[in-house]
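This report concerns only the one structure given below.
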Amino acid sequence: MMDVHYESQGYNRISRDRVTKLDQSITKGIDGVYEDAGPPPKFIVAEAKYNRSRLKQTKSGKQMGDPWVYSSKRLEKALGEEKLLELELELMKNPECLKKQLFKVKPNGKTLVHDLDKYGNTK
């Protein structure tokens, strides 16, 4: 659902691992990274949660907070070295080119998207 949402907004998924089935084993890390050459933000880092599930506290800080996103090579694992370098160069030119979002799916299928701050809190 998350991929369909962002693709309908003009973004392309650039992260590697993709969950396609409900019974598929999950991978730890960033759920999705998307890119759009159009208007800002150029990149979206997104985390999907179902119903009442929340972003968790981890050893590196709150999930989707800057320390969590940038530690443990999460972006490199999600994107690969070449795409990560492209994103980092873009960030140096324009710090506003990246947005972090929480994508929530409710039991009735309704979806909600929340912007996140540098601490992983909804704005």
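These numbers were taken from a predicted model, which means no experiment stands behind them. Values below: all heavy atoms of this structure, side chains included; hydrogens, waters and symmetry mates excluded.
- Nearest heavy-atom pair across G61 and Q57 is C-OE1, 3.7 Å.
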### Message
With salt bridge (Lys or Arg N to Asp or Glu O under 4.0 Å) as the criterion, how do K49 and D31 come out once you've worked through the C-alpha distance, each side chain's angles and the decisive distance to 0.1 Å?
### Response
CA-CA 10 Å; K49 295 290 183 189; D31 288 344; over 6 Å; no

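- Heavy-atom minimum distance, C97 versus E90: SG-CG, 3.5 Å.
- Side-chain contact check for E81 versus E76: some heavy-atom pair is nearer than 4.5 Å.
- Distance check: I14 CD1 to I44 CD1 gives 10.5 Å after rounding to the nearest 0.5 Å.
- Side chains of K104 and N51: no donor on one and acceptor on the other come within 3.5 Å.
- The shortest distance between side-chain heavy atoms of L75 and V69 falls below 4.5 Å.
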### Task
Decide salt bridge (Lys or Arg N to Asp or Glu O under 4.0 Å) for E35 and K42; before the verdict, give the C-alpha distance in whole Å, the side-chain angles of both, and the deciding distance to 0.1 Å.
CA-CA 5 Å; E35 179 179 24; K42 182 173 182 170; 3.7 Å; yes

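- The closest side-chain heavy-atom distance from K106 to T111 is not below 4.5 Å.
- Residues L85 and L79 fall into different hydrophobic clusters, defined by Ile, Leu, Val, Met, Phe, Trp and Tyr side chains chained together at heavy-atom separations under 4.5 Å.
- In terms of heavy atoms, M2 sits closest to A46 at SD-CB, 3.7 Å.
- The number of heavy atoms from other shown groups lying within 6.0 Å of OH (Y50) is above 12.
- Closest approach of H114 and T122 over heavy atoms only: CB-CG2, 3.6 Å.
- Within the 3.5 Å criterion, the main-chain N or O of S72 finds a donor-acceptor partner in the side chain of K77.
- To the nearest 0.5 angstrom, K73 atom NZ is 9.5 Å from L84 atom CG.
- Pairing each heavy atom of R74 with each of S60, the nearest pair is NH1-OG, 3.6 Å.
- The salt bridge (charged side-chain N to carboxylate O under 4.0 Å, His left out) test with K99 is passed by exactly one of D36, D117, D115: D115.
- The structure places CG of L102 at 13.5 Å from NZ of K123, a figure rounded to the nearest 0.5 Å.
- Classified by interplanar angle (parallel below 30°, tilted 30° to 60°, perpendicular above 60°), the ring pair H5/F103 is tilted.
- Within the model, atoms CD of E88 and CG of L91 stand 7.5 Å from one another, a figure rounded to the nearest 0.5 Å.
- Follow the hydrophobic side-chain contacts under 4.5 Å out from Y70 and you reach W68 in the same cluster.
- Within 6.0 Å of the NZ atom in K118, the count of heavy atoms belonging to other residues, nucleotides or ligands does not exceed 12.
- For Y11 and Y34, the ring centers are positioned 6.0 Å apart or more.
- The two residues Q101 and Y6 make their nearest non-hydrogen contact at OE1-OH, 2.6 Å.
- S15 OG to I30 CD1: the interatomic distance, rounded to the nearest 0.5 Å, is 8.0 Å.
- Between L55 and E47 the shortest side-chain heavy-atom distance falls below 4.5 Å.
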